[in-house]
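Some notes on the structure that comes next.
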Amino acid sequence: ERELQDAEQEFASAEDSLHKRAERWQKIVNNTTEKLNAKFSSYMQDLQLGGEVKLKATGKFDDYELQVRVRFRESSELSELDGNKHSGGERAVSTVMFLMALQDMTTSPFRVVDEINQGMDESNERLVFDRVVKSCCGDASKPQYFLVTPKLLQGLGAMRNDDVTVLLVWNGPGTTTKWEFADILAHLSQNTLGATTPTGTANSTAIKRELAAFQSAGNKRSRSEMT
């Protein structure tokens, strides 16, 4: 009988401890969801859209899930993001905004995103790019961001930022026979700096000279690798 009482007390103590830990965990999850919802809603509102993140806490912990609800028209109600109901562009915008909100709550020295602008219309692509720049520029404490994409829209206002650097991959077959990269760089430099003087010609000549040396070194490496 004594052993039975001890076992019952031990079970009650363990059950009470588990209940308290579950309450603490639930509180943390609720607070995290509220913060995530506030950021996601704010980012969607910046795009003149609606959005919220809700925790569906039903059943066991394994059954808990986050629900992303969005609205793309002023007259409509918030509805759960769904592949059958929302277009590819709508899903892309919602997913990017959710990931940006989620990343704001984590610490990382750098982040890499690949082709997040695919499937978006022009207006949403511009707004999303602005959001990316705001999330990584203007503050040394913000993480470095690598955005990999086969294309970018022309006239992106967010590109005019001292913290934004554009790296062009120029090693595809035939690129040097179809385009003069030095002329493109000189043209971009003149447009950016407003250069209308002979300095632009000098810059173009210097760029061509440096590019020729770079291409020559690259060709030598390519030949050595082939042999």
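Start at 1 with the first residue, then count along the sequence.
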**Request:** Mind running side-chain contact (heavy atoms from CB on, under 4.5 Å) on Val113 and Tyr145 for me, showing each step along the way?
**Result:** CA-CA 8 Å; Val113 291; Tyr145 230 98; 3.6 Å; yes

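Interatomic distance, Lys142 NZ to Ser108 OG, rounded to the nearest 0.5 Å: 15.0 Å. Atoms CG and CE, from Leu127 and Met44 in turn, are 11.0 Å apart once rounded to the nearest 0.5 Å. Between Leu167 atom CG and Thr165 atom OG1 the span is 6.5 Å, to the nearest 0.5 Å. The distance from the CD1 atom of Ile28 to the CD atom of Glu23 is 12.5 Å, given to the nearest 0.5 Å. For the atom pair NZ (Lys35) and CE (Met105), the distance works out to 6.0 Å, reported to the nearest 0.5 Å. Distance check, rounded to the nearest 0.5 Å: CZ of Arg126 to CG of Leu47 gives 14.0 Å.
Inter-residue side-chain proximity for Ser87 and Arg91 is flagged as unmet; no heavy-atom pair is nearer than 4.5 Å. Side-chain contact between Leu36 and Leu66 is present, with at least one heavy-atom pair separated by less than 4.5 Å. Residues Val93 and Glu125 have side chains not in contact (no heavy-atom distance under 4.5 Å, counting atoms from C-beta outward). Looking at Phe40 and Val68, their side chains come closer than 4.5 Å, going by heavy atoms from C-beta outward. Residues Phe98 and Met100 form no side-chain contact, since every pair of their non-hydrogen atoms from C-beta on lies 4.5 Å or further apart.
For the ring pair (Phe, Tyr, Trp, His ring centres under 6.0 Å) test, no residue two or more places apart in sequence or in another chain qualifies with Phe110. Shown here are the salt bridge (Lys or Arg N to Asp or Glu O under 4.0 Å) partners of Glu34, two or more places apart in sequence or in another chain: there are none. Scanning for ring pair (Phe, Tyr, Trp, His ring centres under 6.0 Å) contacts around Phe72 gives His86, with sequence neighbours left out. Taking the side-chain hydrogen bond (donor to acceptor under 3.5 Å, both in side chains) definition, one finds that Gln9 meets it with nothing, sequence neighbours left out.
Screening residues 74-83 for salt bridge (Lys or Arg N to Asp or Glu O under 4.0 Å), with sequence neighbours left out, gives no hits.
In this structure, Glu90 does not pair ionically with Arg71, as no charged nitrogen and carboxylate oxygen lie closer than 4.0 Å. Look at Lys134 and Asp130 and you find no salt bridge, because none of the NZ, NE, NH1 or NH2 atoms lies under 4.0 Å from a carboxylate O.
Looking at Arg111, its side chain does come within 3.5 Å of a backbone N or O of Gln103 through a donor-acceptor pair. Using modelled atom types, no side-chain atom of Ser42 and backbone atom of Ala38 make a donor-acceptor pair closer than 3.5 Å. Under a 3.5 Å cut-off, the side chain of Asn31 and the backbone N or O of Lys27 do form a donor-acceptor pair.
Residues Leu81 and Leu102 share a hydrophobic cluster, clusters being chains of Ile/Leu/Val/Met/Phe/Trp/Tyr side chains in contact below 4.5 Å. In the hydrophobic cluster analysis, where Ile, Leu, Val, Met, Phe, Trp and Tyr join through side-chain heavy atoms closer than 4.5 angstrom, Val128 is grouped together with Val166.
For Asp162, the CG atom is loosely surrounded, since the number of other residues' heavy atoms within 6.0 Å does not exceed 12. Counting heavy atoms of neighbouring residues, nucleotides and ligands inside a 6.0 Å radius, atom CD of Gln26 exceeds 12 of them.
In this structure, Cys137 and Asp163 approach most closely via the heavy-atom pair SG-CB, 3.6 Å.
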Name the atoms and distances for all side-chain donor-acceptor pairs under 3.5 Å in residues 49-62, with sequence neighbours left out.
unit_1 : atom_1 : unit_2 : atom_2 : d
Glu52  : OE2    : Arg69  : NE     : 2.8

